[in-house]
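Encoded as structure tokens, the structure appears first; notes follow it.
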Amino acid sequence: MLKLSEIKNWNVEIEKEITRNWKESELFAFNPKTKKKIYSIDTPPPYINSPIHMGHAVTYCFMDFFARYRRMKGEEVLFPLGLDRNGLPIEMATEKKFKISPFKAGREKFTEYCKKLLNEASTESIDSFARLGISFSSYKEDDTIGSVYNTDSPEYRTLTQSTFIELYKKGLIYEASRINNWDPKLRTTLADSEINYEEIQSTFNDIKWAVKETDEEIVIGTTRPELIATCGMVIYNPEDERYKHLEGKTAISPIFNEEILIKAHPLAQIDKGTGLAMMCSAGDLSDIQFFREMKLTPRIAIGQDGRMNEKAGVLEGLKVKEARGKIIELIKEKGLLIKQEQIIHRTPISERSKAEIEFIEMPEFYLKQRDFKRDIKKIIKDVNFYPRSSKKILDSWIDSVSIDWPISRRRYYATPIPLWYSENLIALAPQGTYTEPWKQNPPKESEVLDVKTKKVLGTVADYPKNKWIGEERVLDTWFDSSISELNMLKYKSDDEFFKKSYPATLRPQGKEIVRTWLYYTILRGFLETGKPCFKDTWIHQHILDGNGRKMSKSSGNVIDPQLILNEDGAEALRFWAATEGDLSKGDFVCSREKIRAERKSLNKLLNISRFVMMFEKPKTKPKLTSLDTLMINYIEGLTALCDKSYEVYDFNHPAQELRNFLWEIFASNYIELVKNRTYNEEEKFTEEESASARYTLHFLLERLLILLYPVIPQITTTIACEKGTDLLTMGWPKAKKTKFKEDEGLIKRLTDFNSMVWKAKKELGISLREPLKDIEIPKELQSFKKDLKACHKI
RNA sequence: GAACCCGUAGGCUAAUGGUAGACCCUCUCGCUUACACCGAGAUGACCCAAGUUCGAUUCUUGGCGGGUUCACCA
């Protein structure tokens, strides 16, 4: 360990050495045999194919505050690092990096490229975490509890498959053919939670239709003219006088000349467009509901590849947008286009690929979720939300869940669905083994079920002659991620430990994935255990760039934490993160200046320590002077405040108080006041009074180090080490009851008085060391008279 | 369209029914035995309107502005 005397300023070189040691040591290892209370943190696994950004850096710092505080409180902290290596983001990165299409390359080859990408992905992220001083239980990848885990490891995928099999057997997972969100770019079904809406410009076309019975012309507006062929009904609002005479009549569609019924329906709005609407199969979700309600048979004219199919007649083979252009051309030629208008309208966009969503009917696997809405709402009452208001995000999402969760995806690099088919039989992979049906036969012990009745008929071994066709689809990444806490607590692999540690203590995560990660995890936890899977959940906001905009790769405003680690260091970054604000209440604007400014606080702490350690701490506690008693009472009060706040994940208010204490109270005032007494060169003070000062200096410093340790562990550990104490094992002090507000007030008066004297001397143009006459010490400060006189030379 | 959150100095924030406190920036002065990556000091702010109140930045209502989420858009 470094000697304080050798350190001029706190710097990144010192940090590098400390964090390297931490990373390699077993200092924060988790002991599963512990008798202590277990505190487990279900950390969000970052995607490893892109390096972590400031958002990750700051939020993991907060998690580390929590972990370090809990260790001091004597709890056994399980704080693993997971690496997300599954799903669409990995596939998309692979497509981009190697410039290959999964559909052309084929599954075998494409999967290999995915693995190649993952293997080449740097460990830069892990290194950043280490350098931030994040005290993960381990930085090693092995089988022990708390180690680094990969979401695509056979172990993790085994658990995913096991839960799938169980849910399938229970009838909670079923296959159905429904119209669903289709991403034409990625060629897969997506869940509602993976859809965003964006304001996109599109053209609103007023098109002439004919009415068969009356020969009159009607005008219908649409943004999706390419779907005219799929129109099932033309509607108007029942209140709309203009069209009442059309009830029950037949509209003739342009170009396709199909006969379509006209009816009144409240879905049509009088003031939208011409008041007449063509209801197409799957222009959007409301169309789907409409078709169901009216018992119309949907006609899907868009294929899986995003091209129009045979149902679109002349448009067959064209991409949706091309088809739109083509049909408008045709309509124009026939003189049926009345007018075109540019409108901005909200369009469903794939969160992953940014492609416009189409609605296509496909057979997919669904996990039942609608049936459990009430149960989920009930159990989340027992989860503590920090901040409380974030529960609303979850509540309102649960309210809006209207269809079951489509969990199958037509992609490659994810957990395979562990099923095989043979005639009217279905084979389920045995639980506890990882299988890849798309390239292997079912294990002999796989259970065989009747497709229709789902009755167990035997095992694959009983059907030696059958040819089994493996399922090719994979599972939604969220189907994996939503069991992260079960994986962390060794569900199905270490029953004893699971029993002891479930539910997990804390789920820390961003607000933007409440409807996915948080919701799905709670749903899955409930289906497995019937209980809420966390005690607490801490929902954080975002780190914004210097201009207050959300950081994202696409806008190119990402700040690399490595840069800050190299220039300002982890401790400055951490101290800034704690003092900047409450991340659970609002966004942080990332300010290099402010981060850099916190280095000053670190040096201040270093210098105070250097000063204090110039003096020996008295072996026995001396009789304390009234000033010293006041200071010790004050920091006892601060201890209680920190404890209370840390307990509810508030590190911001304590950090501000502690910084204020460090600068204003300890450094600027207390040390200045007691310098004379500490040195006692002129022997104006008794030996006991001097000892009281030395004792108090050490006491305050030690306590300050403890309170600051969760936030800035490197510098506090370094100083404590030099003082011969170990912050990690010394534990959290029991806070004593004090009159905090009163002490605070008295200290304020004291510091005000000091300021006044310093200001007066400055105005008189005299040095601070020169004596000053005609200054009266206020009554309430009389008990500190001796220190005040010595300090100010009154 | 609805719900929720939020509007405080040039920037970012805190507290508060009665003098609004830090930090960064700017300016002035200063080398005081831990500290010039410092110290001392200065300038500078409660979105608007109405209401409740002796008194509102704080509470209520409305407006304006920003953010988030949900819904809808033929």
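Lettering follows sequence order; numbering is per chain, from 1.
Nearest nucleotide to the side chain of Trp397(A), out of C70(B), C35(B), A14(B): C70(B). Residue Ser396(A) has its side chain nearest to U69(B) when only C24(B), A15(B), U69(B) are considered. Residue Glu672(A) places its side chain closer to C35(B) than to any other of A15(B), C35(B), A40(B). Nearest nucleotide to the side chain of Arg659(A), out of C37(B), C23(B), C35(B): C23(B). Among U68(B), C23(B), C35(B), the nucleotide with an atom closest to any side-chain atom of Lys511(A) is U68(B).
Remark: P of A22(B) and CD of Glu744(A) are 14 Å apart, rounded to the nearest angstrom. One interatomic measurement links the two molecules: CG of Asn660(A) to C1' of A22(B), which rounds to 8 Å at whole-angstrom precision. Ile235(A) places its CD1 atom 10 Å from the P atom of C73(B), with the value rounded to the nearest Å. Atom CZ of Phe588(A) and atom P of U68(B) are 18 Å apart (whole Å). Spacing between atom CD of Glu571(A) and atom P of C37(B) amounts to 20 Å, rounded to whole angstrom units. With rounding to whole Å, Arg515(A) atom CZ is found 9 Å from C70(B) atom C1'.
Between Ile207(A) and Met278(A), every side-chain heavy-atom pair lies at or beyond the 4.5 Å cut-off.
Among the heavy atoms of the strands, none lies under 4.0 Å from Met613(A). Heavy atoms of Trp663(A) sit under 4.0 angstrom from primed sugar atoms or phosphate atoms, though from no base atom. At the heavy-atom level, Glu580(A) lies under 4.0 Å from the strands shown only through sugar-phosphate atoms. Using a 4.0 Å heavy-atom cutoff across all strands shown, Ser755(A) reaches sugar-phosphate atoms only and no base atom. Using a 4.0 Å heavy-atom distance criterion, Ile671(A) is classed as a base contact. Residue Leu276(A) is classed as a base contact, given a heavy-atom separation below 4.0 Å to a base. Residue contacts shown for Ile608(A) include a base, since a base heavy atom lies under 4.0 Å away.
Listed for the Lys594(A) side chain is no donor-acceptor partner under 3.5 Å among the backbone atoms of Glu580(A). At distances below 3.5 Å, at least one donor-acceptor pair connects side-chain atoms of Glu571(A) with backbone N or O atoms of Gln714(A). Counting only distance, with no hydrogens or angles, the side chain of Asn680(A) and the backbone of Lys684(A) share a donor-acceptor pair below 3.5 Å. With Ser253(A) contributing its side chain and Glu258(A) its backbone, the two residues share a donor-acceptor pair below 3.5 Å. Checking side-chain atoms of Glu15(A) against main-chain N and O of Ala570(A) turns up a donor-acceptor pair under 3.5 Å.
Separation of the P atoms belonging to C59(B) and C6(B) is 10 Å when rounded to the nearest angstrom. With both ends at atom P, the span from G63(B) to C4(B) equals 14 Å, rounded to whole Å. The same atom, P, is picked in A50(B) and in U26(B); the two are 40 Å apart, to the nearest Å. The same atom, P, is picked in U61(B) and in U52(B); the two are 15 Å apart, to the nearest Å. Rounded to the nearest Å, the gap between the P atom of U68(B) and that of C73(B) is 22 Å. When the C1' atom is used for both U58(B) and G7(B), the distance is 14 Å, rounded to whole Å. Taking atom C1' in both G65(B) and C48(B), one finds a spacing of 11 Å when rounded to whole Å. Of the P atoms belonging to G10(B) and U69(B), the separation is 31 Å, rounded to the nearest Å.
Phe588(A) and Trp576(A) have perpendicular rings, their planes meeting at more than 60° on a 0 to 90° scale where under 30° would count as parallel. Classified by interplanar angle (parallel below 30°, tilted 30° to 60°, perpendicular above 60°), the ring pair Trp538(A)/His540(A) is tilted. Using bins of under 30°, 30° to 60° and over 60° for the plane-to-plane angle, the ring pair Tyr634(A)/Phe740(A) lands in the parallel bin.
Taken together, the paired segments of RNA chain B that extend over three or more consecutive Watson-Crick or G-U pairs, each closer than 3.5 Å at both contacts, are B:1-7 with B:64-70, B:26-30 with B:38-42, B:47-51 with B:59-63.
Remark: Lys600(A) is in phosphate contact with C24(B), judged by side-chain N or O atoms under 4.0 Å from OP1 or OP2. Close to U32(B), at under 4.0 Å from its OP1 or OP2, lies no side-chain N or O of His792(A).
Judged by closest nucleotide on RNA chain B, Ala667(A) is the one of Ala667(A) and Ala277(A) placed further toward the 5' end. Comparing Phe666(A) and Ile220(A) by the nucleotide of RNA chain B that holds the closest heavy atom to each, the one mapping nearer the 5' end is Phe666(A).
Atom CD1 of Ile635(A) is separated from atom CG of Asp743(A) by 12.0 Å, given to the nearest 0.5 angstrom.
The base of C24(B) lies outside donor-acceptor range of the side chain of Lys594(A), with no N or O pair under 3.5 Å.
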